[in-house]
Amino acid sequence: MTNPFKFAEIILPLALPGTFTYEISPVDVPYLKVGQRVSVPFGSNKLYTGIVHSLHNQKPELYKTKMIDTILDTEPLVTKIQIKFWEWMANYYLCSLGDVYRNAFPTALKWESETFVKFIGTIEQIQEHLAEEEWMVVNAINQKGILSVSEIAKIVERKSAIPVIKSLWEKGIIHLDEVLKEKYTPKVERFVRVNPELKSNEKLFNESLHKLKNATKQRETILQLIVEEAQSSKPIKISQFLKKYGGTHSMINSMEEKGLVQIYDLEISRIEEVKNDIIDSEELNLEQYKAQKLIEEYFEESKTVLLHGVTSSGKTEIYIKLIEQKIEEDKTTLFLLPEISITSQMVQRIRKHFGDKVGIYHSKFNQNERVELWNNTLNDEYKIVIGARSALFLPFQNLGLVIVDEEHESAYKQSDTKPFFHARDMALVLGSMFQANIILGSATPSLESYHNAQIGKYGYVQLTKRFTDVELPKIELIDLKRSIRNKEMVGDVSRTLEEAIRDTFKEGKQVLIFQNRRGFAPVVECMSCGHSPYCPNCDVPLTFHKFSNRLKCHYCGHSQGRPTKCSNCQSLELTTKGIGTEQIEIQLQSLFPDKKIARMDVDAMRKKHAYEKTIEAFEQQEIDILVGTQMVAKGLDFSNIGLVGVIRADSLLNFPDFRAHEKAFQLLTQVAGRAGRRKEQGKVLIQTFNPDHEVLQNVTRYDYEKTAKDILYERKSFLYPPYLRLVQLTFRHAKVEKVDKVSTEFVRLLKPMFDEKHLLGPIEPSIGRIRNLYIRQVLIKIPEGASAAKVKEWIQKSIESLHTIQAFRSVRIEIDVDPS
DNA sequence: AGCACGCCGACT
DNA sequence: GTCGGCGTGCTC
């Protein structure tokens with residue numbers, strides 16, 4: 001029985017609601033399956049790669065359907081669960097299915113549409129009068145035979161070649177040919193082997209060796225190669241061989257010319273092999289064992305578990321035990337980590353345990369590597385997939401367990417591209433679609449998860465002891481007001497901190513200094529009028545980058561040289577204000593001139609491998625003090641840190657963000673956890689102007705419960721999550737009047753549905769203009785007990801009705817469900 | 001979201 | 001006189 005369906009709903013990578021109906025050609029009918037990729041014509045002359053969403057027989061009446069161009073796969077690349085998952089996300093985050101598809105599916109599999117141009121006849125047959133540009137194109141096509149639109153665009157040196165092509169087409173000289181080109185190219189690497197003939201023929205071999213009597217290095221190399229081949233049956237990579245024994249590529253090449261060796265290419269897996277041998281899992285201590293048993297009990301009840309364990313309490317070992325169990329059940333585990341932790345020791349440990357059963361997926365991987373991971377996951381080749389939030393979108397077959405480590409991390413929320421999803425929340429959704437067990441792990445759980453545990457929605461499992469039995473570092477606050485009064489400050493470093501650093505060096509230990517970047521970026525300021533240069537496109541002062549001696553905007557990328565005089569009063573006396581990590585680094589260097597100091601922030605890490613190099617140097621103790629931002633707080637596990645210093649905690653507390661206190665506690669606790677992880681108790685010094693601040697006091701006592709209780713009380717009284725859900729709308733337009741008008745109108749439309757406590761705005765955010773677009777924001781608090789779906793429907797209806805007004809359409813409206 | 005079409009300013 | 005600015009409308 002052949003497939004009886006004549007129409008297919010196709011998901012296209014567009015920000016348009018729903019799917020698109022296409023006709024299936026009778027030839028294709030028996031082969032088309034849900035989840036396959038197809039290329040379809042769209043609009044006047046575009047081809048898109050879409051995914052088959054469903055098949056049916058209802059001929060649409062309102063429009064004419066087009067025919068599916070090509071079926072790109074013999075088997076589906078997208079599973080039915082994935083399609084269901086995408087739809088769930090689109091619905092929850094108020095974006096189109098196409099938005100999800102675009103984000104969830106590897107770019108290299110969404111084939112590029114390229115228009116190719118060919119002659120109809122020959123160049124000699126052209127009789128029409130042609131313009132100069134047209135002749136250029138015609139000659140180029142004559143030479144190459146076929147050209148793509150983008151290539152023609154280069155020849156005519158214009159943004160678009162369409163007018164020229166169109167005119168040639170109208171004159172009947174060329175025809176257009178839509179061709180799809182797949183971008184995926186497997187990675188090949190160069191390998192070397194001893195010429196097999198030499199190996200079997202001793203005489204020949206000796207002759208060859210004799211010929212090399214003047215080439216010592218080559219003689220040596222061939223012998224090394226023979227040894228290497230004897231030791232292992234694996235192919236020998238040229239790059240690795242040269243690294244091990246020395247020598248150059250040209251040397252290998254000349255050896256190939258002499259017939260001594262053969263060079264050959266092999267298609268290799270882009271996913272790095274695991275080098276280390278597999279290590280058995282460690283025995284759990286009593287506390288861990290009890291925790292594991294408790295987790296299993298909750299899993300029996302199909303409950304999500306919140307695993308709350310202080311740093312170094314050994315969560316990883318528990319994860320490993322749980323993964324092992326899932327492997328026995330022949331089920332896959334998805335292990336989510338915040339992006340920054342992907343290169344961490346955690347991943348190494350998991351890989352050491354599970355070897356090549358592990359797939360790793362994160363944003364540093366290129367498109368080709370992602371395709372490989374996609375295919376391997378589809379073929380159920382991994383038992384564990386470790387990845388950042390994007391790993392949620394892999395085509396899992398039989399998911400049995402989802403682990404979200406560091407579940408409180410805000411990096412789990414996607415905030416740059418649609419859909420603005422939270423990976424922790426979506427992990428719960430995906431997990432439930434597979435009826436998989438879910439475990440959320442953290443040393444400082446998010447208040448959402450903690451609240452869910454308190455009300456019994458999640459199982460709650462705690463680990464209170466450090467695995468290694470080392471006591472948690474001692475945290476002390478330094479009162480900056482008093483230090484200033486007593487004239488004990490050198491720049492931003494108090495004498496107490498300075499002395500502690502000296503003591504740490506005496507013990508042969510390293511120091512980690514943390515400086516929160518936000519709010520402390522250095523700016524140029526005029527000493528006579530106080531004016532600072534602003535970004536021409538955004539409402540922010542430009543930040544000063546000492547090493548390039550330039551001013552940059554972090555929002556739009558604008559960059560200019562450091563001015564020599566004030567643009568406001570022409571004064572020549574300019575100074576730099578604010579304490580960035582750069583400043584701290586300089587100050588520390590002058591305090592400790594003979595010590596090696598390194599900096600770790602976004603700017604310093606821009607160079608390739610800078611991050612890895614810095615970490616390695618610090619591990620090797622080539623660096624005495626590491627100064628850094630958020631980056632140093634996360635995912636790093638150094639053994640020799642004696643002291644952690646926080647330059648100023650206040651900036652963390654004073655954010656205009658309802659999560660400021662929660663984040664401050666999490667971050668400071670996390671930074672503190674970097675001290676003294678192995679043998680001895682470490683020390684933490686936090687400089688602040690508010691040593692009496694409740695949150696800071698709680699940090700010194702490691703009192704998570706108290707902090708959570710305080711903050712939850714505030715959240716309840718001021719109507720914030722976890723007691724209710726938020727939806728934030730952002731309006732953008734080049735004209736202030738328009739954003740103002742549209743945003744106020746939006747609020748007016750929604751007003752009947754809410755009281756003033758639940759509908760806030762429109763407000764001008766602290767940065768009121770970015771990239772020349774003015775911004776307004778509206779915050780909706782979905783009342784407790786109200787249907788979130790209903791509220792979202794109202795929001796969408798209101799936007800729709802705003803869009804019926806011509807003049808309002810150009811205002812971009814962005815919806816962020818559960819903003820962070 | 002793209003993309004084409006269409007109507008007004010600054011330039012060869 | 002054209003090029004190209006972006007406002008507007010449409011896409012199965």
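To find a chain, count down the sequence lines: A is the first, B the second, and so on, and within it residues start at 1.
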Q: Remember a base hit wins even if backbone is also touched, and classify A:Tyr63 as base, sugar-phosphate or nothing at under 4.0 Å, heavy atoms.
A: base
Q: Is the backbone N or O of A:Ser96 less than 3.5 Å from a side-chain atom of A:Tyr101, with the two atoms forming a donor-acceptor pair by type?
A: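 Side chain of A:Tyr101 to backbone of A:Ser96, a donor-acceptor pair under 3.5 Å: no, none is there.
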Q: What is the distance from CG of A:Leu16 to C1' of B:dC3, rounded to the nearest Å?
A: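 Those two atoms, CG and C1', are 12 Å apart.
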Q: Should A:Arg748 and A:Glu745 count as an ion pair when the cut-off is N to O under 4.0 Å?
A: yes
Q: Would you classify A:Pro13 as touching base, sugar-phosphate or nothing, given that sugar-phosphate means primed atoms plus P, OP1 and OP2, and contacts are heavy atoms under 4.0 Å?
A: nothing
Q: Quick check for you: among C:dC12, C:dG9, B:dA1, whose closest atom lies nearest to any side-chain atom of A:Leu14?
A: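 It is B:dA1.
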Q: Expressed as a whole number of angstroms, how long is the span from A:Ile11:CD1 to B:dA1:P?
A: 19 Å
Q: Find the distance A:Leu12:CG to C:dT11:C1' and express it as a whole number of Å.
A: 10 Å
Q: Considering every strand and a 4.0 Å limit on heavy-atom distances, what is the contact class for A:Glu9: base, sugar-phosphate, or nothing?
A: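 Counting heavy atoms under 4.0 Å across all strands, no contact is made by A:Glu9.
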Q: Check whether more than 12 heavy atoms from other residues, nucleotides or ligands sit under 6.0 Å from atom CZ of A:Arg659, and answer yes or no.
A: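 Enclosed.
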Q: Between P on C:dG9 and CZ on A:Phe42, what's the gap in Å once rounded to a whole number?
A: 17 Å
Q: What nucleic acid atoms does A:Ser810 come within less than 4.0 Å of, heavy atoms only: base, sugar-phosphate, or nothing?
A: nothing
Q: Is NZ or CZ of A:Lys738 both nearer than 6.0 Å to the six-membered ring centre of A:Phe731 and within 45° of the ring axis?
A: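 Output no; distance or angle outside limits.
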Q: Counting side-chain heavy atoms from CB outward, which of C:dC12, C:dG9, B:dG2 is closest to A:Tyr48?
A: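 Of the candidates, B:dG2 comes closest.
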Q: Can you tell me the distance, in whole Å, between the NZ atom of A:Lys738 and the P atom of C:dC6?
A: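 The distance from NZ of A:Lys738 to P of C:dC6 comes to 14 Å, rounded to the nearest Å.
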Q: I want to check one thing: is the phosphate of C:dG9, taken as OP1 and OP2, less than 4.0 Å away from some side-chain N or O of A:Gln806?
A: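 The answer is yes; a side-chain N or O of A:Gln806 sits under 4.0 Å from OP1 or OP2.
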Q: For B:dG2 and A:Arg102 - does any side-chain N or O of the residue sit under 4.0 Å from the phosphate oxygens OP1/OP2?
A: yes
Q: Centroid-to-centroid, A:Phe393 to A:Trp374, below 6.0 Å?
A: no
Q: How would you label the contact of A:Ile10 with the nucleic acid (heavy atoms, under 4.0 Å): base, sugar-phosphate, or nothing?
A: nothing
Q: Quickly work out the A:His803 NE2 to C:dG7 P distance and round it to whole Å.
A: 15 Å
Q: Please give, in whole Å, the distance from C:dG9 P to A:Phe808 CZ?
A: 15 Å
Q: Send over the distance from A:Phe20 CZ to B:dG2 C1', rounded to a whole Å.
A: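 Answer to the nearest Å: 12 Å.
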